[in-house]
Amino acid sequence: MEPRISVSSFKEVVSPRRSLSASFRYGSFVNSVHTSERSGPPLVSPARGYVAVSVLCYINLLNYMERYTLAGVLLNIQKFFDISDSTAGLLQTVFIVSFLLVAPLFGYLGDRCNRKYIMMGGLIVWLITALSSSFVTEHLFWFLVLMRALVGIGEASYSTIAPTIIGDLFSGTKRSLMISAFYIFIPVGSGMGYISGASIASVTGDWRWALRVTPVLGLIGLLLLIFLVPNPPRGAAENQGQANTEPSSYKEDVKYLLKNKSFVWSTLGVTALAFLAGALAFWTPTLLFRARVVQGELQPCTEEPCNSSDSYIFGAVTVVTGILGVCIGAGLSRCFLDKVEYADPVICAVGLLGSVPFLFAAIFTASANIPATYVCIFITELMLSLCWPILADILLYVVVPTRRASAEALQITVGHLLGDAGSPYLLGVISDSIGKSNPVSSEWSFLSLKYSFLLCPFAGVLGGVFFLITAVYITKDKQAAQQLVPVKGETGAPGNNQHVMKESSRSSLWEVKMHCSLIKLRQRHDIIRGSPHRPQSLLRTFTSHNPE
């Protein structure tokens, strides 16, 4: 009786150790995508994914609380060290400069090493240096500057890598929701930084105590990170737990990103947004305090603690507008993205361009009507907050998973270097230059800072234009990224890859059937001749000539 070999059993023997592979070229980048035909359970359960995102959101909240605590007590710091506006702005600038210098390194490591360990190390550096900065004396301003620089190094590791972990835990609509939840804590944390800093300084009479709160809370975040946050394979959400395991050199990563026009123009838009938001966040409470002094509502600050009422109000406005803006921005994205593929950058452009007239109004009404100024600031921050949940999502769907950490790092570097690294210091320099003509006048102190704020609306217009240009290229770049990474399990997500994989599957099945027929004919022929061959030898012969 002749041996019987089924197509299914033959398919199991012949099929290669890895599944169908297709190579796609994008610019100078060639990436082979490996997928599995088995659809097993995800490596990280949904419940654990939600817990991990909650921990990352908590640490992000503390990150921005610490960053803007100094802005909430800036008047006290200026009085404590007797420093000018430009020197005070240097505190934020040195923090951002150190942040951006090491961000590319963490991005490179984040695409190649264990991301959880990198974040743990960065958080430890952040906790130690943030706490150390609270023990500075009035003759050691340089020590405070140095500690702020080291705090920036610690925060860079987290800010660069955390969004990519969320991107590998979820995909599609869920990922957009998780990214929105993560980024909503940027304005919330910033606002709480103003409020907590001003409150603690007022209660204790010493602004340095305000710097000791977030390190204590950060220790809890470190423990939660160690025990509750996984390190998912890169691209696991798109490939059902199978990682993209072929890393490339950093030079190839950068070349790929520079040829990705959506990434380049959106990064320039992020830079303009960072310039505008950084200047507003650092100087607005001080501007409003000086406006109240000019109107006769408050007396100039001559000793600590200075009046912090504007830090409370501005912090509350930042929290409320942040929550509303992120929710509205995410809702608009979900509503329009299925109908208009370039909706995301258009929403960002509308947010930036729409904030400009209200920012102008806030600058020029500050000297006459504080409540009206706060209304204009509220609308300005609401419009800017529309962008936060969308920016990271744009990066995640136009860049392949194996290069997301590098993309995040490069965007952070450019955005901070040309954005909020220099804007607080630049506004301080302009204010000091104008104020030299009448250095003892409280009114001129307000006007000099007011005129320096006129630089911000132009940054808003420029950023809006950059995002409109992004809208021209984003559909093409999104499709190119989807071709590089086949997406399974998402409705309407696979794109062109699905067609390629189906065609490859059909072709492979036809080859299997054909070779089964040939083997059976060969077996009949050998049996007639009296020298049957073992099927295994034929299979080895076939697989040696057909590795795929």
Side-chain angles (χ1 to χ4, degrees), residues 61-83 85 87-89 91-92 95 130-131 133-136 138 141 144 147-148 151 185-218 277-295 297-323 362 366 370-371 373-374 377-378 380-381 420 424 427-428 442 445-446 449:
L61 172 72
L62 298 181
N63 184 351
Y64 280 87
M65 274 185 65
E66 197 282 333
R67 186 179 298 191
Y68 288 102
T69 295
L70 282 182
V73 295
L74 187 60
L75 290 170
N76 296 286
I77 293 175
Q78 285 186 285
K79 183 58 61 178
F80 183 81
F81 291 108
D82 191 22
I83 54 178
D85 288 348
T87 306
L91 287 172
Q92 186 72 355
F95 166 82
L131 184 62
S133 65
S134 68
F135 296 100
V136 68
E138 59 185 2
F141 179 73
L144 179 62
M147 289 299 102
R148 293 304 296 168
V151 168
F185 287 96
I186 291 179
V188 171
S190 302
M192 291 182 65
Y194 297 115
I195 296 171
S196 64
S199 300
I200 295 170
S202 178
V203 171
T204 62
D206 188 347
W207 61 271
R208 289 171 292 187
W209 278 99
L211 302 180
R212 296 167 187 167
V213 175
T214 49
V216 175
L217 299 175
L280 290 178
F282 195 79
W283 284 115
T284 298
T286 303
L287 176 71
L288 295 173
F289 174 82
R290 294 180 184 180
R292 290 182 186 274
V293 172
V294 170
Q295 295 178 28
E297 296 182 15
L298 297 174
Q299 294 298 317
C301 180
T302 56
E303 61 180 10
E304 295 184 68
C306 300
N307 188 291
S308 303
S309 58
D310 288 299
S311 293
Y312 294 128
I313 300 173
F314 184 71
V317 168
T318 302
V319 171
V320 173
T321 56
I323 295 173
I370 294 297
T373 303
Y374 270 115
I377 290 173
F378 184 95
T380 299
E381 291 211 318
D420 54 347
L427 264 64
S442 297
S445 176
F446 161 72
L449 188 56

Can you tell me if Met192 has over 12 outside heavy atoms packed within less than 6.0 Å of its CE? no

Does Arg67 make a cation-pi contact with Tyr64, if we ask for NZ or CZ under 6.0 Å from the ring centre and within 45° of the axis? yes

Side chains of Arg208 and Val73 in contact at under 4.5 Å (non-hydrogen atoms): no

Only residue of Val294, Leu287, Leu288, Thr286 satisfying side chain to side chain contact (heavy atoms under 4.5 Å, CB included) with Arg290 is Thr286

Quick check: do Phe446 and Val293 have side-chain heavy atoms less than 4.5 Å from each other? no

Is the shortest heavy-atom distance from the side chain of Thr69 to the side chain of Val213 under 4.5 Å? no

Using 4.0 Å as the upper bound for N to carboxylate O, is an ion pair formed by Glu66 and Arg148? yes

Sidechain-backbone polar pair: Thr321 side chain, Thr318 backbone, donor-acceptor under 3.5 Å: yes

Within a strict 4.5 Å, meaning less than it, do heavy atoms of the Phe135 and Leu211 side chains meet? no

Any idea how Trp207 and Phe80 line up, ring-wise: parallel (<30°), tilted (30 to 60°), or perpendicular (>60°)? perpendicular

Determine whether a donor-acceptor pair (N or O, by modelled atom type, separation under 3.5 Å) exists between the side chain of Gln295 and the backbone of Ala366. yes

When you compare the side chain of Phe141 with that of Thr87, does any pair of heavy atoms fall below 4.5 Å? yes

Student check: side-chain heavy atoms of Phe282 and Asp420 closer than 4.5 Å: no

Please check this pair: side chain of Ser202 against backbone of Ala198, looking for a donor-acceptor N/O pair closer than 3.5 Å. no

